[in-house]
Structures are given as C-alpha cells and as structure tokens.
Colleague: 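One structure is given below, represented as structure tokens, and several questions about it will come after.
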Amino acid sequence: EAAVTQSPRSKVAVTGGKVTLSCHQTNNHDYMYWYRQDTGHGLRLIHYSYVADSTEKGDIPDGYKASRPSQENFSLILELASLSQTAVYFCASSDRNSGNTLYFGEGSRLIVV
Amino acid sequence: GDKVKQSPSALSLQEGTNSALRCNFSIAATTVQWFLQNPRGSLINLFYLVPGTKENGRLKSAFDSKESYSTLHIRDAQLEDSGTYFCAADTGYQNFYFGKGTSLTVIP
C-alpha cells in the first residue's frame with residue numbers, strides 16, 4: 001500500500017516564528033505536492049516538485065518555501081508564520097507510471113497564534 | 001473565477017437512496033480524480049478518470065472532457081458514505097485543481 005506520512009500532525013506556532021512541515025513517501029513517486037485546506041476553499045496548491053533538488057510554485061506560494069532534498073522527502077517551510085497561515089496542510093505524491101493518482105498524507109493542522 | 005465548480009455544496013440523503021454530484025470545469029481538463037474526505041479528515045481516492053466512465057461497487061463516475069464536466073453517482077447510500085466529496089482536474093501538467101467540495105450527510 002502506498003504511503004505518505006506527514007509530521008508534525010499538529011502544531012501551534014507563534015506569529016513570526018519559523019515552521020517546517022515534513023513529508024515522507026515510500027511510493028517511489030516522482031511528483032510531490034503541498035496543498036492547503038481552508039474551510040470553504042477546498043484544497044489549493046502551494047508548491048510541488050517533480051524531481052529531487054527542484055521545486056515549483058503552485059497557485060498560492062507567497063509566504064511559503066519548499067525543499068525536496070531527496071525523492072522521498074518534501075518539506076514546506078514558513079519562515080515567518082502569520083495568522084493567515086492557520087490551516088490544514090496536506091502532502092501528496094503521484095507518478096505518471098502509477099496512473100497519476102494522488103496519494104495523500106493524513107494532514108498537518110497548523111495554528112498560528 | 002473558480003476553475004472547478006462543484007454542485008451541490010451540501011446534500012442530505014436518506015439511507016438507501018441515490019444521488020449524483022457534479023463538477024464543471026472552466027479549464028481544459030484531461031483527467032479527473034474524485035476523493036472522499038472522511039469525518040477524521042483523511043482524503044481517500046475514489047476514482048481516477050480519463051474521458052469515460054468507471055464503476056466501483058455503489059459508486060459510478062463519468063468524465064466528459066468535451067462538455068467539461070464530471071459526475072459521481074452514489075447508489076443505495078450508506079451511513080459510511082457521509083463526508084465531503086472533492087473532484088480535482090488536471091490539464092496535463094500534473095497540477096490538480098480542486099473544487100470546494102460537496103458535504104454529504106446520510107441520514108438513517
């Protein structure tokens with residue numbers, strides 16, 4: 001069974017602090033994604049990557065950085081967390097050879113105070 | 001405007017009845033995926049579709065790329081079908097655009 005694991009699952013951060021959300025996949029997938037979910041907005045793409053050491057901007061990249069040090073790992077970095085970044089964050093992976101199906105992690109709930 | 005519009009936004013169903021959810025696309029969608037977000041918040045992949053139809057148990061989905069829409073039919077709704085259903089469309093560049101979801105409640 002494909003697996004995407006996120007950490008931490010829940011975090012409270014202070015405004016202006018640095019937050020790192022981590023994602024690890026054992027699917028051997030090329031593509032990895034970070035999505036943000038807010039009530040009433042569905043999921044919106046922040047950053048994605050199709051190869052290690054390279055990241056691409058999604059639809060809402062402002063205030064976020066991403067890092068893909070290896071095929072298995074993809075991090076989302078909030079250098080200066082703000083109240084508006086309170087949300088649930090989902091990591092996902094996919095691969096053209098596996099039919100492009102998105103496999104999601106369990107989500108990371110971030111509260112910025 | 002929204003690239004993917006889902007309807008209805010919320011729905012209540014009596015257990016054992018049928019319903020259909022719909023997504024309309026304002027982008028040139030090449031593939032569509034349907035997900036169920038369960039009450040715990042987990043996103044479960046239901047279908048991955050190129051133009052055509054797929055069926056899995058009580059669920060059936062169709063995607064018409066020319067008319068830019070997709071549907072998800074639920075037959076004989078059960079309590080465990082409750083949750084929020086999302087569709088996501090890809091234009092061929094591995095960037096999946098999500099709708100805002102349909103919140104489904106199945107009533108005993």
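For the numbers below, each heavy atom of this structure counts, side chains included, while hydrogens, waters and symmetry mates do not. Convention: sequence-line order gives letters A, B, ...; per-chain numbering from 1.
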Colleague: With B:F35 as reference, evaluate B:Y48, B:F47, B:F98 under the ring pair (Phe, Tyr, Trp, His ring centres under 6.0 Å) test and give the passing residue.
Modeller: B:F98
Colleague: Would you please indicate if the ring centroids of A:Y64 and A:H47 are separated by under 6.0 Å?
Modeller: no
Colleague: For B:Q6, is it the side chain, the backbone, both, or neither that has a heavy atom closer than 4.5 Å to a heavy atom of chain A?
Modeller: neither
Colleague: For A:Y33, is it the side chain, the backbone, both or neither that has a heavy atom under 4.5 Å from a heavy atom of chain B?
Modeller: side chain
Colleague: Checking heavy atoms, do the side chain of A:L102, its backbone, both or neither come under 4.5 Å from chain B?
Modeller: both
Colleague: Answer with yes or no after comparing the ring centroid distance for B:F96 and A:Y35 against a 6.0 Å cut-off, counting only values under it.
Modeller: no
Colleague: For chain B, find which of A:R109, A:E56, A:R44, A:E106 contributes the most heavy-atom pairs closer than 4.5 angstrom.
Modeller: A:E106
Colleague: Scan side-chain atoms only and decide if A:N27 and A:S93 contain a donor-acceptor pair under the 3.5 Å cut-off.
Modeller: yes
